[in-house]
Amino acid sequence: MDILTRSQSAKIRSSGTPQIVLKARNVVRRFGGVVALNNLDLDVVEGQILGLIGPNGSGKTTFFNVLTGIYAADEGAISFLEKEITNLPAPQVFRSGIARTFQRARVCLSLSVFDNIVLGDHPRLQQGLVFNLFRRSSFRREYEECVERVRELLEMFAPHLVAKMFEPVETFPMIDRRRIEVCRALFSSPRLLLLDEPSAGMTHEETRLLVDEIVALRTKRHKLSIIIVEHEMDLISRITDRCVVLNFGSKICEGTYDEIASDRNVQEAYLGVEA
Ligand SMILES: Nc1ncnc2c1ncn2[C@@H]1O[C@H](COP(=O)(O)OP(=O)(O)OP(=O)(O)O)[C@@H](O)[C@H]1O
Ligand SMILES: [Mg+2]
């Protein structure tokens, strides 16, 4: 199928070719005898939301881990914004413009909303005792800029948290912790955002709200591409432009949600029997 949405196709006809921001080719990752990723090819188009789905253990999180430098690929190549990023260390991948959230919420409960979000860009912040002691005006300026950037992000994604910016995260419900995680990932102004099961641990109503917020996000950041891993098919059907389905580490189908949902191989992979 065509990997462009209709509006993107129209835009391209008038203004040139679409940009494929992420290109993964023949990516293989093994854990002992388990082939977690098996010759995976995957493209992400600028501004699109790609759903990465598949049964438990099919390799979705492994793909994020290989992409972000947590695990090395055994074979294959990945390029991002036309630069080779295969097996770069995690901080370098991050600096190239890829940020992520994790399958299990990873917020520091005793830290404030502000601290949790600013941690999302710590490699780029000025650090160190000497800097903080002797360049106090620069430090203060940087701090004030951070407060402003966090405020802007919260206003966009979780306005009710602006007033609670300096409160510890531990008293907040799961949906707010997820929102904070998303803001932390967005704090570094990434071009590609990886969301690993953002609905995990949330109620249906919370999931619905989060979906609406992600949809609103894309209208504010046109160049941001997103890969979302999710088991909630309702969520996937509502927000993705395209889906890639994995089973035992291999891509078994690719297309719009309607296309993959009606595919026989996909039905069999999910049901574990002949559809
Ligand atoms: N660090 C590891 N050591 C050994 N095996 C691993 C490791 N990480 C992943 N695997 C294996 O790789 C395969 C893919 O796992 P992965 O976590 O990527 O699946 P997933 O699609 O994210 O599943 P889920 O939907 O349950 O999160 C599984 O067989 C898993 O056991
Ligand atoms: Mg996973």
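Remember, it's 1-based here, ligands and their atoms both numbered in the order they're listed.
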* **Interatomic distance, I227 atom CD1 to C243 atom SG [nearest 0.5 angstrom]** => 12.0 Å
* To do: Starting from atom 21 (O) of ligand 1, locate the nearest protein heavy atom and write down its residue, its atom name and how far away it is, to 0.1 Å.
  => K60 NZ, 2.7 Å
* **ligand 1 contacted by G59 (non-hydrogen, < 4.0 Å)** => yes
* To do: Kindly confirm or rule out an N or O of G57 lying under 3.5 angstrom from an N or O of ligand 1.
  => yes
* Residue from E232, H231, E230 passing side-chain hydrogen bond (donor to acceptor under 3.5 Å, both in side chains) with S199 -> E230
* To do: Enumerate the atoms of ligand 1 whose separation from the nearest heavy atom of S58 is less than 4.0 angstrom.
  => 19 (O), 20 (P), 21 (O)
* Asked: atom 26 (O) of ligand 1: which protein heavy atom is closest, and how many Å away?
  -> N56 ND2, 2.9 Å
* Minimum side-chain heavy-atom gap L42-L50 below 4.5 Å -> yes
* **T61 N/O/S atom closer than 2.8 Å to the Mg ion (ligand 2)** => yes
* Asked: How far does CD of E84 sit from OG of S96, to the nearest 0.5 angstrom?
  -> 11.5 Å
* Asked: Is atom 6 (C) of ligand 1 close to the protein, meaning a heavy atom under 4.0 Å from it?
  -> yes
* Quick one: look up the protein heavy atom nearest atom 1 (N) of ligand 1 and list residue, atom name and how far away it is. => Y71 OH, 2.9 Å
* Heavy-atom side-chain contact between V118 and C146 under 4.5 Å -> yes
* Asked: Does the ring center of Y143 lie less than 6.0 Å from the ring center of F114?
  -> yes
* To do: Give the numbers and elements of all ligand 1 atoms closer than 4.0 Å to a heavy atom of A36.
  => 12 (O), 13 (C)
* Taking only heavy atoms of E197, which atoms of ligand 1 are found under 4.0 Å from at least one of them? -> 25 (O), 27 (O)
* Asked: Taking the minimum heavy-atom distance to atom 27 (O) of ligand 1, which of E230, Q103, H231, R29 ranks first?
  -> Q103
* Asked: Are F102 and F64 close enough that their ring centres sit under 6.0 Å apart?
  -> no
* Asked: Which residue, R179, R208, R178, forms the side-chain hydrogen bond (donor to acceptor under 3.5 Å, both in side chains) with E213?
  -> R179
* With a cut-off of 2.8 Å, does any N, O or S atom of N56 fall short of it relative to the Mg ion (ligand 2)? -> no
* Applying a 4.0 Å heavy-atom criterion (strictly less than), which segment of V34 is in contact with ligand 1: side chain, backbone, both, or neither? -> side chain
* Structure fact -> Closest to atom 9 (C) of ligand 1 among protein heavy atoms sits F31 CE1, 3.5 Å
* Exam field: side chain S58 to backbone F248, donor-acceptor pair closer than 3.5 Å -> no
* Asked: What is the nearest protein non-hydrogen atom to atom 17 (O) of ligand 1, stated with its residue, atom name and distance?
  -> T61 CB, 3.9 Å
* To do: First locate atom CG of L52, then atom CG of D196, and finally report the distance between them rounded to the nearest 0.5 Å.
  => 8.5 Å
* Asked: Right, does atom 31 (O) of ligand 1 have protein non-hydrogen atoms nearer than 4.0 Å?
  -> no
* Structure fact -> closest protein heavy atom to atom 15 (O) of ligand 1 is T62 OG1, 3.7 Å
* Asked: Is the backbone of N26 close enough, under 3.5 Å, to the side chain of D41 for a donor and an acceptor to pair up by distance?
  -> yes
* Asked: What do we get for F63 next to ligand 1 when only non-hydrogen atoms under 4.0 Å count, side chain, backbone, both or neither?
  -> neither
